[in-house]
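Take a look at the structure set out below.
Both ligands and their constituent atoms are indexed starting at 1 by order of listing. All values below were derived from every heavy atom in this structure, side-chain atoms included, with hydrogens, water molecules and symmetry-related copies excluded. As the structure is a computational prediction, the values presented were derived from the model and not from experiment.
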Amino acid sequence: MKEPKSLATPASKAPIPLLPRIASGDLRRDEDMTAQEVRQLLQLAHDVKEHPERYRLALAGQSLALLFEKPSLRTRLTFELAIQQLGGGAISTNGSIGEREPVKDVARNLERWTGAIVARTFLQATVDELAEWSSKPVINALTDLYHPCQALADVLTLQEHFGSLNGLKLAFVGDGNNVAHSLMLQSARLGMNFALATPPGYEAKPEILAEAEELAQQQGVVIETTHDPAEAVAKADAVYTDVWASMGHEHEAFQRNLDFESYRVDEALMGKAGSKAVFMHCLPAKRGLETTDGVMESPRSIVFDQAENRLHAQKALLLMLLGLR
Ligand code: CP
Ligand code: NVA
């Protein structure tokens, strides 16, 4: 376990509530947080959202490094804003990590200058290596395997919308990708049922699915996998989709558009979900492919609530990794 990273005492006497901690010291993948820590994060995120002024000096004197190998709108800007609104500063780079110098050297440079590293990478191994070599917290801002920050904002959004997560059913239709992996892990640990409908050949990684199934069993909920979108969305409280070709897979788009044609979340598929089901998407969305403009713009769509909650959930995450006790 990494040493808790405490910060300089804020200049103001404004009371900052006692903050829970993330024992692992990093968020490399969803499993780095216990269910209890996720629940604490959700509670803290609600407070941060209601009372942002309480936390405005929590990261005073801290600078964080943001490393992006892939494009980003939401993740990059919400981390920058979160850090700024908590009184800290952000520095950032684009481009491949580990090409000009080894990842372990990058980590040991950054730990000397900054309080934490937020990294969006192709390989999960890059985030893992940064965390292994940095004494400061490392946060996964999306890899090919996971998108834990997205899943935290999504469960916050679902909790706000439904009041409680317990026993909800979240259906994911599309690619068994990074977002699907993180959502299945978070759903299972928080007592939500999860259904995944993918075309054959695009299933979730078996080892991540097995882990989610074990968590689900412990919580008395189920993870369902199918190739039939209608089966997945039946009785669902939320229907989620994501792009068919994730970053790094754009060259497969032509074939994927053919393979995923019957997996579009359109008005007809939403009609087969629970009568009060919401529509979710991590964004960016490709209207006309994985979903339609009509679904995106419908009253059922909570996609911009999800986007807003990236900011609040990540503030809570930073507070739990870096804030004063
Ligand atoms: N949802 C999400 O992570 O968006 P960006 O790729 O724009 O960061
Ligand atoms: N699965 C998508 C998510 C983008 C936020 C990707 O990796 O490109």
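- Within the structure, side chain to side chain donor-acceptor pair (under 3.5 Å) contacts touching residues 210-225 (residues at least two apart or in different chains) do not occur.
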Check ligand 2 for N or O atoms under 3.5 Å from a protein N or O and list each pair with its distance.
unit_1	atom_1	unit_2	atom_2	d
ligand 2	1 (N)	Asn177	ND2	3.3
ligand 2	1 (N)	Asn178	OD1	2.9
ligand 2	1 (N)	Asp242	OD2	2.6
ligand 2	1 (N)	Ser246	OG	2.7
ligand 2	7 (O)	Asn178	ND2	2.9
ligand 2	7 (O)	Ser246	OG	3.4
ligand 2	8 (O)	Met247	N	2.8

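- Between Leu158 and Met192 the shortest side-chain heavy-atom distance falls below 4.5 Å.
- The pair Asp47-Arg54 meets the salt-bridge criterion, since a charged nitrogen lies less than 4.0 angstrom from a carboxylate oxygen.
- By the 6.0 Å and 45° rule, Arg76 stacks over the aromatic ring of Phe68.
- For the side chain to side chain donor-acceptor pair (under 3.5 Å) criterion with Tyr202, the lone passing option out of Asn177, Asp175, Asp259 is Asp259.
- Ring geometry for Phe260 against Tyr263 counts as perpendicular: the plane angle is over 60°, on a 0 to 90° scale with 30° as the lower cut.
- Under the 4.5 Å side-chain criterion, counting only non-hydrogen atoms from C-beta, Lys276 is not in contact with Asp237.
- In this structure, ligand 1 sits under 4.0 Å from heavy atoms belonging to Ser72, Leu73, Arg74, Thr75, Arg120, His147, Gln150, Cys282, Leu283, Arg310.
- Identified under the side chain to side chain donor-acceptor pair (under 3.5 Å) test for residues 78-88, with sequence neighbours left out: Thr78-Gln314, Gln85-Lys315.
- The closest side-chain heavy-atom distance from Asn257 to Leu289 is below 4.5 Å.
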